[in-house]
Colleague: 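This is the structure I want to talk about, given as structure tokens.
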Amino acid sequence: MRWACLLFPRLALEGALRRRDDPAAPFALLEGAPPRQRIRAANQAARAQGIKPGQPRGLAEALCPELGCAPLEAAAVERWRQRLAAWAYAYSGQVSLDYPHALVFEVASSLALFGPWPAFEARLRGELAALGFTHRLVVAPNPAAARVLVNAHDGLAVDEAGLEAALARLPLARSGLAAESVQTLSRSGFRRLGELFTLPRPALARRFGSGVMRHLGELRGEWPLALTVYRPAHHFSRSFEFDRPVHAIAGLAFPLKRLLQELSAFLRGQDAGIERFSLVLGLEGGPAQRFEIGLLAPQREAETLLELTRAQLERVRLEGPVLSVTLAASRLTAYAPVRRELLAGPARQAQAWAALHQRLVARLGGAALKPLVEHREHRPEAAVFAAAGPRATDIPEARLRPGWLLAEMPPAEAGIARLLAGPERIESGWWDGDDVRRDYYLAEWHDGRHAWVWREPGGEGFHLHGWFG
Amino acid sequence: MPVSLSLPGPRAVSALDRLLDSRVVWRAQESAAEAPASAVASGHSALDAALPAGGWPRGAISELLSDGAGSGELALLWPLLARLTREQRPVVLVAPPALPYPAAWRQAGVELGHCHWLDVSGREALWATEQCLRAGCCAAVLAWLPQADARALRRLQVAAASGDTLGFVHRPLTRVGEASPAALRLRLHGPGEGHTPALEVLKCRGGWPHATRIAIGAGA
């Protein structure tokens with residue numbers, strides 16, 4: 001088994017930055033109660049202006065008047081940890097949040113799918129960079145070692161054989177031992193973990209206690225380690241709140257993109273897709289505006305979801321200034337991803353057609369895109385319209401029929417120059433109460449076109465029913 | 001013609017741009033580069049012979065001007081649609097002037113299962129046409145767009161080029177005098193007493209149009 005450990009040294013700050021319109025503007029997180037707030041963490045733009053952790057808020061705001069501030073929220077950090085765990089769950093069935101600021105997950109079983117490790121690592125890092133999280137990543141034979149090694153390394157991958165040597169070089173202060181143990185050990189002249197490995201174990205346990213022994217055993221994989229395994233939630237609900245009310249649909253694009261990216265990551269973690277989700281817009285001074293977004297087939301790619309959502313929102317009018325957007329999805333469906341690059345000609349064509357079909361129906365409605373189906377029905381209008389009725393596969397129509405059929409049948413007397421062929425008696429429909437008896441003719445129209453016209457047997461007055469293309 | 005050594009003023013430039021945009025004037029360079037890249041046989045040998053590319057221009061809009069439904073547009077296009085649908089490739093009709101009668105389309109050899117029509121109008125028809133052309137998965141897109149002006153046609157022309165799709169836009173004869181960015185413009189004549197519809201090539205990219213009428217098969 002191989003375990004990866006991801007350490008997020010700036011999780012709270014970066015989580016808060018993701019909710020800001022301009023993450024590059026100076027921004028700092030505050031800790032402490034309002035009169036005596038201090039800077040907990042600051043982004044690069046703020047640090048460049050001299051903002052440092054520990055500064056009182058007043059000083060920081062004097063140094064950088066445009067500094068954006070927000071209090072540190074433990075709940076928000078925890079939410080982000082959960083989201084990152086959901087993200088990692090897409091790659092591994094064993095994910096644990098037992099370590100604060102870090103995420104450990106088993107990767108050996110995933111290598112067959114995403115490997116080899118350098119490719120897998122690049123993929124993980126690419127996605128985290130896109131999410132906007134600084135991270136350090138280490139792979140080791142067991143989770144405890146991975147967690148400890150990530151304190152001092154980034155990008156390290158050690159196997160069974162290299163583990164002891166890698167651990168031995170770690171300074172005690174970074175070895176994950178309890179602070180008082182580190183103090184006792186350094187008073188005795190120990191500096192690095194390796195020096196402890198050389199001691200006889202009974203002596204070590206006697207002098208420094210069983211806690212130290214146990215930790216060393218866990219690091220070397222000799223003691224089993226019980227981790228709480230992360231279990232993902234089965235519904236998705238995320239909100240985005242605006243600093244200022246938004247008045248136009250276009251202003252929703254940015255949060256929607258973020259929310260749909262998160263939905264997509266969540267769905268991948270669940271190995272599921274979605275056919276329906278709801279968007280709730282919190283309005284200023286009024287009830288919330290709610291939309292159901294329905295899709296034709298299960299989807300989970302962020303780009304596709306965004307495009308389809310946009311198409312549906314284009315037809316919507318905002319009922320007031322928007323303060324927040326909530327995206328909720330509760331019913332997940334099975335999803336079979338189609339890998340575009342694996343498809344050759346016809347299959348790719350079919351997929352592109354399916355995507356186009358979905359786009360058209362999303363905007364125009366399901367009834368607008370119609371197939372051409374021939375029904376076994378003598379009445380021409382029923383042959384086109386009837387959704388029910390048997391298909392005319394066994395006895396195809398052999399007589400001359402026009403390419404175009406008119407939905408309305410206007411009087412045609414004035415337009416006819418002369419009759420070219422006919423009559424052909426068409427008679428049917430009495431059984432469903434729509435009795436039809438007509439004599440059809442091929443007629444030349446005054447402008448030279450060929451028309452399909454009919455009149456009732458023995459009756460007067462022609463009706464135009466179709467055009468020969 | 002007087003030769004001026006000064007740079008053309010902004011008005012002259014915009015006039016030239018307008019001519020280029022409306023595709024009344026072609027840049028020789030451009031037409032050489034774009035020249036008969038690929039064409040799709042129309043199924044009418046007389047027409048293919050008259051077109052510089054030897055068939056319908058691919059990745060471009062062909063504009064068909066007529067008096068309305070029944071002017072021979074189906075006789076003209078059915079051979080193409082029959083071949084494309086038999087190759088199992090989708091064909092989309094956008095905003096057709098009337099309901100397509102399945103029996104007649106099948107008699108013409110069209111595989112109905114690969115033929116779809118969009119019952120839309122107005123702006124949605126323009127949007128849908130552009131989507132279908134751009135998607136690159138339709139073998140041909142036939143649109144009836146009396147409302148389309150030169151700007152809309154230019155958008156469609158770009159969409160057809162980016163999707164490398166055959167596009168046909170039907171417009172009424174009243175539009176015949178307007179500038180059009182379509183790569184090919186045809187005027188249809190109904191079957192009349194001759195019993196076969198005919199067409200005239202008004203404009204074609206990469207060549208001079210023939211002034212003669214070309215008969216297109218037996219009307220159906």
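A note on names: the letters A, B, ... follow the listed sequences, proteins ahead of strands, and every chain is numbered from 1.
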Colleague: Would you mind checking if A:Arg449 and A:Asp447 are paired as a salt bridge, meaning a charged N to carboxylate O distance below 4.0 Å?
Modeller: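 Here A:Asp447 pairs with A:Arg449 in a salt bridge, since their nearest N and O are under 4.0 Å apart.
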Colleague: State whether the number of non-hydrogen atoms from other residues, nucleotides or ligands found under 6.0 Å of A:Glu456 atom CD is greater than 12.
Modeller: no
Colleague: In this structure, which one of A:Trp452, A:Tyr441, A:Trp445, A:Tyr440 forms a ring-ring contact (aromatic ring centres under 6.0 Å, His included) with A:Phe462?
Modeller: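 Among A:Trp452, A:Tyr441, A:Trp445, A:Tyr440, the one meeting ring-ring contact (aromatic ring centres under 6.0 Å, His included) with A:Phe462 is A:Tyr441.
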Colleague: Side chain, backbone, both or neither: which part of B:Val94 has a heavy atom under 4.5 Å from chain A?
Modeller: neither
Colleague: Please classify the contact of A:Leu364 with chain B as side chain, backbone, both or neither, using a heavy-atom distance under 4.5 Å.
Modeller: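 Side chain only.
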Colleague: Between the side chains of B:Glu73 and A:Trp467, does any donor sit under 3.5 Å from an acceptor?
Modeller: no
Colleague: By a 4.5 Å heavy-atom criterion (distance strictly below it), what part of A:Leu360 contacts chain B: side chain, backbone, both, or neither?
Modeller: both
